[in-house]
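What follows is a set of notes on a single structure, which appears directly below.
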Number of protein chains: 2
Amino acid sequence: MDVNGTTWVVLGLLALRPMSGYEMKQVVDRSTRFFWAASYGQLYPELGRLESLGLVAGESAPTGARPRRVFTLTEKGRDSLHGWLRASGTRMETRDESLLRLFFADALPHDEAVQLLRARADHHRASLMQLETTAAAAEGDPPFVSLTLRYGLDYCRWEIEWCEAQERRLREGT
Amino acid sequence: MDVNGTTWVVLGLLALRPMSGYEMKQVVDRSTRFFWAASYGQLYPELGRLESLGLVAGESAPTGARPRRVFTLTEKGRDSLHGWLRASGTRMETRDESLLRLFFADALPHDEAVQLLRARADHHRASLMQLETTAAAAEGDPPFVSLTLRYGLDYCRWEIEWCEAQERRLREGT
DNA sequence: GACGGCATGTAAGTCGTTACATGATTTG
DNA sequence: CAAATCATGTAACGACTTACATGCCGTC
């Protein structure tokens with residue numbers, strides 16, 4: 001059937017409620033973006049593909065004269081989604097420039113190297129604030145949607161504490 | 001000067017010691033891979049490019065009749081590396097299929113959804129064991145190299161605890 | 001002498017982002 | 001009426017992986 005990551009984003013979002021491609025992008029940017037991003041260049045072609053496979057059904061729902069297509073999950077689409085949710089593949093990839101810097105930080109004078117921990121903590125402090133704003137407007141989310149939001153909050157807090165603890169350790173340890 | 005992520009991997013590794021492209025791949029696969037992977041298809045072309053820019057210098061160092069090139073960091077290369085280490089860009093991207101599943105888990109019966117937390121914990125338990133093996137053979141690493149290893153260990157432990165705690169919470173909360 | 005590891009390199013293909021083109025609608 | 005937002009779509013580019021091609025070396 002030929003799937004990719006975007007497939008599951010599309011099917012998963014439509015399991016929550018019918019929506020347009022434009023709306024999907026907005027939802028992704030406020031939620032899964034932190035662990036799974038998606039762009040228009042992926043979303044729109046994938047919607048067309050999944051429609052031709054019969055996993056989603058598109059219906060015209062214009063706003064006045066402005067064209068607009070709203071998609072629904074078909075039974076077949078729901079089956080695929082459930083199949084993936086029950087599957088066990090656990091692909092996990094990260095590109096973390098700040099950790100890469102830390103890894104090579106021995107090339108820097110010790111003081112400057114330790115500073116990198118502070119920069120990393122700051123970055124996660126900013127993410128935390130952003131997530132807290134999101135959380136404030138997230139009443140009534142389904143339980144597992146709010147569980148991943150909680151994950152984001154807990155993870156940021158852990159990162160901040162870890163960086164602070166290591167900074168202390170390195171300053172004392174000298 | 002036109003840089004990419006592989007640029008910093010190459011320069012950073014050569015700051016540790018001179019090595020060949022083949023060796024770089026091995027080192028990456030045992031260390032930065034978890035937060036910054038690199039393949040031959042990136043490493044070899046990048047080494048050629050950086051050599052022509054004068055940031056690294058290649059020297060022939062065959063093993064018998066088997067050709068082999070060992071690269072060294074030039075002064076210019078060291079300057080570039082320091083520039084990047086002091087820069088503040090903090091690009092951070094993640095593709096975490098297991099979190100994506102969790103986000104969409106409301107489409108599943110509650111029991112099965114909770115199971116996803118166990119699968120995620122198991123995955124991190126496996127990573128932890130792998131890192132512990134790495135750690136056992138990591139005496140004498142430079143301080144910030146072992147700091148990132150410690151990060152991996154601490155992060156895995158935190159993930160496992162988080163999943164277990166949430167699983168308990170969801171089972172009790174019903 | 002077969003197999004696994006050393007060693008370099010590239011071609012093909014996938015994945016993903018960015019930026020643009022187009023045009024309707026709402027809001028200040 | 002200008003600017004922001006709604007809405008769809010694609011083209012070009014860059015990042016990355018996989019698999020292959022090639023051949024030497026050590027060891028069982």
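These figures come from a predicted structure and were not determined experimentally. Order of the sequence lines sets the chain letters (A, B, ...), proteins ahead of strands, with each chain counted from 1.
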Exercise. Looking at CG of A:Asp79 and CG of A:Leu55, how far apart are the two atoms once the value is rounded to the nearest 0.5 Å?
Worked result: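 Going from the CG atom of A:Asp79 to the CG atom of A:Leu55 covers 9.5 Å.
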
For this session: Return the orientation label for the B:Trp158 and A:Tyr155 ring planes: parallel under 30°, perpendicular over 60°, tilted otherwise.
Result: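 Answer is tilted, since the angle falls between 30° and 60°.
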
Within the side chain of [X], is there an N or O that forms a donor-acceptor pair under 3.5 Å with the backbone of [Y]?
X	Y	answer
A:Arg95	B:Ala37	yes
A:Asp96	B:Phe35	no
B:Thr74	B:Gly77	yes
A:Asp106	B:Phe144	yes

Exercise. For A:Arg91, which contact category applies under a 4.0 Å heavy-atom criterion: base, sugar-phosphate, or nothing?
Worked result: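 Touches sugar-phosphate only.
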
Problem set entry | Partner residues of A:Pro45 under the side-chain contact (heavy atoms from CB on, under 4.5 Å) criterion, sequence neighbours left out |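 Counting only residues at least two positions away or on another chain, A:Pro45 forms no side-chain contact (heavy atoms from CB on, under 4.5 Å).
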
Exercise. What pairs with B:Glu23 under side-chain contact (heavy atoms from CB on, under 4.5 Å), at least two apart in sequence or on another chain?
Worked result: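 Listed in chain order: B:Arg17, B:Met19, B:Ser20, B:Gln26, B:Arg68.
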
Exercise. How would you list, by chain and number, every residue that makes a ring pair (Phe, Tyr, Trp, His ring centres under 6.0 Å) with A:His123, sequence neighbours excluded?
Worked result: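 Counting only residues at least two positions away or on another chain, A:His123 forms no ring pair (Phe, Tyr, Trp, His ring centres under 6.0 Å).
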
For this session: Could you identify which residues of residues 53-69 of chain B place a heavy atom less than 4.0 Å from some atom of DNA chain C, listed by residue number, or say none?
Result: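 Residues of residues 53-69 of chain B under 4.0 Å from DNA chain C: B:Thr63, B:Arg66, B:Pro67, B:Arg68, B:Arg69.
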
Exercise. Between B:Gln42 (CD) and C:dG13 (P), how many Å, whole number?
Worked result: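 Distance check: B:Gln42 CD to C:dG13 P gives 19 Å.
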
Exercise. Nearest-Å distance, CG (A:Leu43) to P (C:dC15)?
Worked result: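 Rounded to the whole Å, the gap is 15 Å.
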
Problem set entry | Terminal axis angle for the helix from C:dG1-D:dC28 to C:dG28-D:dC1, five pairs an end, nearest 10 degrees |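 Its terminal axes enclose an angle near 20°.
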
For this session: Name every residue in residues 2-29 of chain A that has at least one heavy atom under 4.0 Å from any atom of DNA chain D, in order of residue number, or write none if there are no such residues.
Result: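 Per residue number, the list reads A:Ser20, A:Gly21, A:Tyr22.
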
